[in-house]
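Heads up: the structure comes next, in structure tokens.
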Amino acid sequence: MTKPILVAVAWPYANADIHVGNLTGSYLPADIFARYQRLKGNQVLMVSGSDAHGTPITVKSDAEGVSPETVYKRYHAGFLELFQKLGLHYDLFSSTHTQNHFAVSQAMFLALKKNGYLYTESQQQWFSASLGKFLPDRYVEGTCYICGFDGARGDQCDNCGNVLDSTQLINPRAKEDGSTPELRDTTHYFLDLGKLEGPVVQFLEERQGYWRANVVNRSLGWIRSEGLRGRPITRDLDWGIPVPEEGWDSKRLYVWFEAVIGYLSAAIEWAALSGEPGAWHRWWTEAGARAYYFIGKDNIDFHAIMWPAELIGVADEFAHTFEGAEGKPLNLPYDVPANEFLNMEDRKISGSRNWGVWGLDFLTRYDPDPLRYYLTVTMPETSDANWDWDDFVRRNNNELVATWGNLANRVLSFTYRHWEGKVPDPLPSSLRASETSEAIPSDRFLRPQDRQLLAAVEAGFDSVGQHIENVKLRAALGEAMRLCGEVNRYLDEQAPWAQVKTDKDAAGLTIYTALRAIDNLKLLLAPFLPHTSEALHSMLGYHAPLFGEQYTERINDDLGEHEVLRYRAAAIPGHWRPSTLEGGRALREPAPLYKKLEPSIADEERARLGGGAV
RNA sequence: GGCGAGGUAGCUCAGUGGUAGAGCAGGGGACUCAUAAGCCCUUGGUCGUGAGUUCAAAUCUCACUCUCGCCA
């Protein structure tokens, strides 16, 4: 029985490079979860894309004198490169700047309006007569009315850190041309969150039993203490999605409102690209489907409150508006396993201070799986965590290399030397030549200690799998690593290097068992360490790969061209079940899976922190 | 100031009522297939503080305290 699983991954804002905190916060856990679900045989759809709209991007484009599109495409290209190098297997990684996303967002808007959850309200906003337009808060500077600092922005004062009401700014001036703006009335659409508060609270309470405490308690606490109030979903801006309404040409849908719709629009775009336009319904309207949202804690409000509110608000009207057909309600999030933050050497990661480790830069010096390993064992699942370069080196050398890499290497190289590069046959040599041997299941000859080891390792398919399904990835990886220890212990007890001198059949049984254990561990670790599991898979003599392939594609629509990352599933998918390694199989020449790192690199890497601007 | 999360071995963290755990680091030992890796033994904690509930509390309640985050 296969289940549709939607793996909805946070949309990176296309105005900065991705750092290790972003990776461990949402992108990496999503990929681990998705890879497991695919191995398990479930129907996975993992989608995301670049968040291309909003003022941070227009601010950057103004500063550089290029179009917002140029800015977003530059960072988007970096995302695609990083995801391919790190092996983040998105079924589709698109962008919010596509004709499809525009259409889906506008349909959501219209469906909410039709259902009575939108209203308009007039508010005051700075208007520049010389520029002839309303100014977003970030585009106004002046004196902070709290601390008196003169360089405060309309939305926030960088001196005292307070969030400001821009209309109270003293001596306001337009950032763009220095002109003095005036307050004018402007009308906006609001999402009537007050009306949706009851259903949203009910949605959260139904999930309180299994959601992470920091996600559900925070959301419920916030609603109970402050209540939900209407929130503007349009703003005066010319970059973004037009409001589907006569006379609203100068306004755009607010980013917070439309970016989350990407989870839905990307599923729809994926379905269209796959040549099966209705296929998105499997994840979005079927009752048995589950949607997991992988995000960082800064996004909790939007995914645990706002997005559910939008989905509850459109109800079955979305399909009606979008497809003109009778529709079912859209599925609400099943889980939002938000992660906390990762600090860098005990300080907050900061792009402007160059305090952090950036994904693409890291991969110019190190391999992807050690990064995936370290980010998983330090994943901030319950509280903030810390990246420490000494710890990175230690864990790479003492855990990844010593416990697992060395285990694979010691068994494979021993086999290669003593059994001519083939899996030893568990049949006793006396039976091997006889005619009947092919009919005898080789497991029959395994000794109790062999069966015991294999049973312990095979139990990992349940225990590791259960942890992953509960999105406890640190625990899952820890369990898999513990099983590596079991195999190391078994080898020490059996000592095949001694057996081989006195009783080659016994040594053969030991090595056969150890190889099969490694073949299992390769799968148990594959969601976490896909590159090296794939390499080991190949050394064990398999030809069909465990996982599928990523590729990019350029799509043309009315907005122009956008590049997406896609995924082609493996022809013969891997399976989340015990190995049935057969004797006699030819192995490939083994090579170490991981490299030991010099402890000195910790100092070298720390020296890079905070250095010259990127 | 309000809300949320956290404060458990030197370090990173598990552990939500029943005699304190893991990994790493530290100390000792036997082995040698392996990336001087692996294996065995071992040192180490009054579970932030105080009180309460209970036959029994790291685990529940209350107060206090420190850290981080969000909001005001």
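Labels below follow one simple rule: chain letters A, B, ... track the order of the sequence lines, proteins then strands, and each chain is numbered from 1. Heavy atoms only: backbone and side chains are in, while hydrogens, waters and symmetry mates are out.
- Regarding A:F392, its CZ atom lies at a distance of 18 Å from the P atom of B:C24, rounded to whole Å.
- Backbone-only engagement by A:E399 is indicated by non-hydrogen atom pairs under 4.0 Å involving sugar-phosphate atoms exclusively.
- Side-chain N/O atoms of A:N386 include none lying less than 4.0 angstrom from OP1 or OP2 on B:U12.
- Across all strands shown, nothing is found opposite B:U46 as a Watson-Crick or G-U wobble partner with both distances under 3.5 Å.
- For B:C40, one of the phosphate oxygens OP1 or OP2 lies less than 4.0 angstrom from a side-chain nitrogen or oxygen of A:R489.
- At whole-Å resolution of the value, CG in A:L375 and P in B:U12 are 17 Å apart.
- Comparing atom distances between the A:A402 side chain and each of B:G38, B:C33, B:G69 picks out B:G38 as nearest.
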Under the ring-ring contact (aromatic ring centres under 6.0 Å, His included) rule, what do A:F294 and A:Y27 come out as? Steps first, then yes or no, please.
-> CA-CA 7 Å; A:F294 289 86; A:Y27 315 136; over 10 Å; no
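- Both distances falling under 3.5 Å, in either a Watson-Crick or a G-U wobble arrangement, place B:U12 opposite B:A22.
- Counting any heavy atom pair closer than 4.0 Å across all strands shown, A:Y594 reaches a base atom.
- The separation of B:U61 from B:C70, taken at their P atoms, amounts to 27 Å, rounded to a whole angstrom.
- Close to B:A5, at under 4.0 Å from its OP1 or OP2, lies no side-chain N or O of A:K297.
- For the residue pair A:R608 / A:N354, no side-chain donor-acceptor distance below 3.5 Å is found, with atom types taken as modelled.
- Pairing for B:C39 goes to B:G29, judged as Watson-Crick or G-U wobble with the two contacts each under 3.5 Å.
- The side chain of A:L593 approaches B:U35 more closely than any other nucleotide in the set B:U12, B:G38, B:U35.
- When Watson-Crick and G-U wobble pairs are counted only if both distances are under 3.5 Å, B:A34 pairs with no nucleotide at all.
- Positionally, the nearest nucleotide of RNA chain B for A:D391 lies more toward the 5' end than for the other of A:R410 and A:D391.
- Whole-Å rounding puts the A:N409 CG to B:U32 P distance at 19 Å.
- Across all strands, A:R224 comes closer than 4.0 Å to no nucleic acid atom at all (heavy-atom distances).
- Rounded to a whole angstrom, the distance from the P atom of B:G2 to that of B:G18 is 34 Å.
- Distance, A:Q168 CD to B:A72 C1': 13 Å, rounded to whole Å.
- Residues forming a side chain to side chain donor-acceptor pair (under 3.5 Å) with A:N488 (at least two apart in sequence, or on another chain): A:R410.
- The separation between A:R474 atom CZ and B:U12 atom C1' is 9 Å, rounded to whole Å.
- With C1' as the reference atom, B:U54 and B:G17 are 9 Å apart, rounded to whole Å.
- Proximity note for A:N217 (side chain, C-beta onward) versus B:A34, B:G4, B:A37: the nearest is B:G4.
- In this structure, A:W497 counts as stacked on the base of B:C33 under the 5.5 Å centre distance and 30° plane angle limits.
- Remark: B:G4 base-pairs with B:C68; criterion is Watson-Crick or G-U wobble with both hydrogen-bond distances under 3.5 Å.
- For A:R395 and A:Y374, the positive end is not near the middle of the six-membered ring at less than 6.0 Å and at most 45° from its axis.
- Here the C1' atom of nucleotide B:A22 and the CG atom of A:N398 are 15 Å apart, to the nearest Å.
- In this structure, A:R417 reaches the sugar-phosphate backbone alone: every heavy-atom distance under 4.0 Å involves primed, P, OP1 or OP2 atoms, never a base.
- A gap of 26 Å separates the C1' atoms of B:C31 and B:A22, to the nearest Å.
- Taking atom CG of A:L477 as the reference point, atom P of B:C24 lies 13 Å away to the nearest angstrom.
- Taking atom C1' on both B:U12 and B:G45, the two are 16 Å apart, rounded to the nearest angstrom.
- With distances taken from any side-chain atom of A:N488 to the nucleotides B:A37, B:C39, B:C13, the minimum falls on B:C39.
- What separates CG of A:N396 from P of B:A25 is a distance of 13 Å, to the nearest Å.
- Rounded to a whole angstrom, the distance from the C1' atom of B:C60 to that of B:G69 is 26 Å.
- Using a cut-off of 4.0 Å between Lys/Arg side-chain N and Asp/Glu carboxylate O, A:D603 and A:R606 are scored as salt-bridged.
- Nucleotides B:G21 and B:A30 place their C1' atoms 27 Å apart, quoted to the nearest Å.
- Within the shown strands, B:C60 is the pairing partner of B:G52 under the Watson-Crick or G-U definition, both distances less than 3.5 Å.
- A cation-pi arrangement is absent between A:K522 and A:W404, since the terminal nitrogen or guanidinium carbon is not both under 6.0 Å from the aromatic centre and inside a 45° cone about the axis.
- Sequence order on RNA chain B of the closest nucleotides to A:P496 and A:L407 puts A:P496 first from the 5' end.
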After noting the C-alpha distance and the side-chain angles of A:Y512 and A:D450, does the key distance pass the side-chain hydrogen bond (donor to acceptor under 3.5 Å, both in side chains) rule?
-> CA-CA 9 Å; A:Y512 171 80; A:D450 307 329; over 6 Å; no
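- Distance noted for atom P between B:G10 and B:G6: 22 Å (whole Å).
- Under 3.5 Å, the side chains of A:E121 and A:Y189 contain no donor-acceptor pair of N or O atoms.
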